[in-house]
A.B. asks: 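There's a structure below that I have some questions on.
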Amino acid sequence: MLISQTIANRQTFFGRGSLQQLLPLLQQPALPTLLFCGASFLKGPHYAAMSAQLEPLLIGQQIVTHEASPDDIDRWVARWRGKAERVVAVGGGSVLDAAKAFAAVSQHPLKTLRYLEKVGDTPISGATLPLIAIPTTAGTGSEVTQNAVVTDQAEVKVKASLRHASFVPQVAILDASLLDATPDKILACCAIDAFTHLFEAWLSAKGNFFTRQTALNGMRHFVAAWPALNRQDRQGDEAREAMLLASWLGGLSLSMAGLGVIHGIAGELGAIKEEHHGEVCGRLLFPFLRLLDNSTHPEQQALMAELQLALFGAPHPSPAGQLSQWLQEQAIFPFWQRKTALSAAEIDWIVARANSKNSLVSYDKAQLRWMLEQAWRRTA
């Protein structure tokens, strides 16, 4: 029997306007607090509305413009170690992961790479600064996961995590009003990342009834939200709120059951190419669904049939094919149509390192290569 464990936030605030909970949280108690965020948040209406009250509670701001590298984290640690006693992160997955990594490494003596999965040589302890995570996108679920993703495309060429149960942010604030002005492409690419977390957890070899019910709950919210994410009316407001919940549930699901072959490929591609992680997962999802359509694995077949019935209310002779069609027909942005290129050497590099992770089926190198070549143009 597979045993699952949930590790979540100590406090989770949910609902439009819940961003206002940040101010009293920073005063109870008052600690030297560093803000991690994107430049767009500082220029936006939410920061403008609270900046007069918020700025006196902060010791500074750290702007995050991309997925954090080990050098980025080490530079921030050198600047702020011993000064910050708490971290607030407001932004997408890159901002939240950067803040989580900083909060942890600032409490450890060595450089980031020494602790990083895949390449590190030193176990990381659970020492970390308290962190308040406030997502402005609905996709990664980083506000409730125990991993901080770090990317080095320059030297080591690795995308991996700093991971410990203590790295789950103590507080998450899920305020869907922060998603209201998000461009359609970002809404769609982040949302398909959330779906991939939920879907791979549903199909995981590590899954059990508890993890799959959590994932199914998230996918139901996703299905309700996916077609209406960009509407500027009450239905759109409810859709963005539902997707934010789906993303949070995706973070819980992946923490319990792990991810599968899509992320087994996407993590390696992200080590060498600057592409939006959600878009990468979404592009890989469609060829993976074609593999599932032809699967003879009995548990995969049973899980897909069960999912089809739960999400759409009626059986279908091709559950994976019908899901693929629905996702594309109902999408607010056709992210899969923009096929960028991978060279033959890049495909070889990715395939050599990719894995099936927690998949029920162990996919061979030919299948991994096929998925990549379906989702990207191949150049010489």
Side-chain angles (χ1 to χ4, degrees), residues 1-5 117-118 139-141 145-147 149 159-161 163 192-216 218-219 222 249-271 277-308 310-311 318-324 327 347 349-376:
M1 180 179 294
L2 293 169
I3 305 299
S4 57
Q5 178 186 18
E117 292 180 346
K118 298 183 182 179
T140 69
T145 67
Q146 56 186 305
N147 50 302
V149 178
K159 183 169 185 174
S161 292
R163 190 187 309 268
I192 206 68
D193 187 25
F195 178 80
T196 307
H197 293 160
L198 295 158
F199 186 57
E200 291 199 297
W202 171 262
L203 292 174
S204 173
K206 291 170 57 179
N208 62 17
F209 180 76
F210 182 69
T211 67
R212 290 192 173 113
Q213 288 302 305
T214 304
L216 179 58
M219 285 188 282
F222 172 91
L249 288 165
L252 280 185
S253 297
L254 73 88
S255 294
M256 291 188 290
L259 296 169
V261 66
I262 292 173
H263 278 82
I265 298 173
E268 303 307 328
L269 189 151
H277 173 72
E279 182 177 337
V280 169
C281 290
R283 282 202 242 163
L284 289 167
L285 174 64
F286 295 120
F288 177 64
L289 286 169
R290 287 165 64 186
L291 287 179
L292 282 177
D293 226 10
N294 297 313
S295 174
T296 58
H297 189 280
E299 192 172 358
Q300 274 189 338
Q301 289 181 321
L303 285 169
M304 288 306 300
E306 182 182 350
L307 182 63
Q308 167 72 30
L311 294 183
S318 173
Q322 195 272 344
L323 175 60
S324 180
L327 287 168
I347 291 174
W349 192 95
I350 294 165
V351 168
R353 292 161 176 80
N355 64 80
S356 298
K357 289 200 169 182
N358 305 291
S359 301
L360 287 163
V361 172
S362 181
Y363 295 95
D364 61 31
K365 299 297 183 185
Q367 290 169 309
L368 301 179
R369 184 180 300 275
W370 179 82
M371 287 177 64
L372 282 164
E373 291 178 347
Q374 292 297 304
W376 280 266

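Residue indices begin at 1 and follow the sequence shown.
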A.B. asks: Could you tell me which non-hydrogen atom of Glu299 sits nearest to which non-hydrogen atom of Leu360, and how far apart they are?
C.D. replies: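 Closest approach of Glu299 to Leu360: OE1-CD2, 3.5 Å.
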A.B. asks: Look at the side chain of Thr211 and the backbone N and O of Ala257, then say whether any donor-acceptor pair between them is shorter than 3.5 Å.
C.D. replies: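 Checked: no pair found.
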A.B. asks: What pair of heavy atoms forms the shortest contact from Leu368 to Ala354, and how long is it?
C.D. replies: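 Nearest pair, atom of Leu368 first, then Ala354: CD1-CB, 4.0 Å.
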A.B. asks: Do Leu291 and Val361 come close enough that some side-chain heavy atom pair is under 4.5 Å?
C.D. replies: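 No, too far: nothing below the 4.5 Å cut-off.
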A.B. asks: Counting N and O atoms only, with roles assigned by atom type, does the side chain of Lys118 sit under 3.5 Å from a partner on the main chain of Lys159, one being a donor and the other an acceptor?
C.D. replies: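 Such a contact is found between Lys118 side chain and Lys159 backbone.
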A.B. asks: For a 4.5 angstrom cut-off between non-hydrogen side-chain atoms, does Leu289 reach Phe199?
C.D. replies: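 A side-chain contact under 4.5 Å exists here.
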A.B. asks: Give me the atom names and distance for the closest heavy-atom approach of Leu254 to Thr140.
C.D. replies: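 Scanning both residues completely, I find the closest heavy atoms to be CD2-O, 4.3 Å.
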A.B. asks: What heavy-atom pair brings Trp202 and Arg212 nearest, and what distance separates the two atoms?
C.D. replies: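 Looking at all heavy atoms of both residues, the closest pair is O-NE, 2.6 Å.
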A.B. asks: Okay, side chain of Gln301, backbone of Ser295: is any donor-acceptor separation there less than 3.5 Å?
C.D. replies: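 Yes; at least one donor-acceptor contact below 3.5 Å.
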A.B. asks: According to the salt bridge (charged side-chain N to carboxylate O under 4.0 Å, His left out) rule, which pairs have a member within residues 355-373, sequence neighbours left out?
C.D. replies: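 Qualifying pairs: Asp348-Arg369, Glu373-Arg378.
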A.B. asks: Can you check whether Ala320's main-chain N or O pairs, donor with acceptor, with Ser324's side chain at less than 3.5 Å?
C.D. replies: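 No; judged by distance alone, with no hydrogens or angles, the pair does not exist.
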A.B. asks: Output a table of donor-acceptor pairs, distance under 3.5 Å, between side-chain atoms of residues 258-267 and any protein atom two or more places apart or on a different chain; print 'none' if there are none.
C.D. replies:
{"from": "His263", "atom 1": "ND1", "to": "Glu200", "atom 2": "OE1", "distance (Å)": "2.6"}
{"from": "His263", "atom 1": "NE2", "to": "His197", "atom 2": "NE2", "distance (Å)": "3.3"}
{"from": "His263", "atom 1": "NE2", "to": "His277", "atom 2": "NE2", "distance (Å)": "3.3"}

A.B. asks: So, for Thr196 and Ile192, which heavy atoms are closest and what is the spacing to 0.1 Å?
C.D. replies: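 What the structure gives for the nearest pair is OG1-O, 2.7 Å.
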A.B. asks: Give the minimum heavy-atom separation between Thr214 and Ser253, together with the two atoms involved.
C.D. replies: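 So the two residues come closest at CG2-OG, 3.6 Å.
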A.B. asks: Where do Leu327 and Leu323 land on the side-chain contact (heavy atoms from CB on, under 4.5 Å) test, with the steps shown first?
C.D. replies: CA-CA 6 Å; Leu327 287 168; Leu323 175 60; 4.0 Å; yes
A.B. asks: With distance as the sole test, does Arg290 use its side chain to make a donor-acceptor pair with the main-chain N or O of Phe286 at under 3.5 Å?
C.D. replies: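 Side chain of Arg290 to backbone of Phe286, a donor-acceptor pair under 3.5 Å: no, none is there.
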A.B. asks: Under a 3.5 Å distance rule, please check whether Asn208 uses its side chain to pair with a backbone N or O of Leu2 as donor and acceptor.
C.D. replies: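 At least one qualifying donor-acceptor pair exists.
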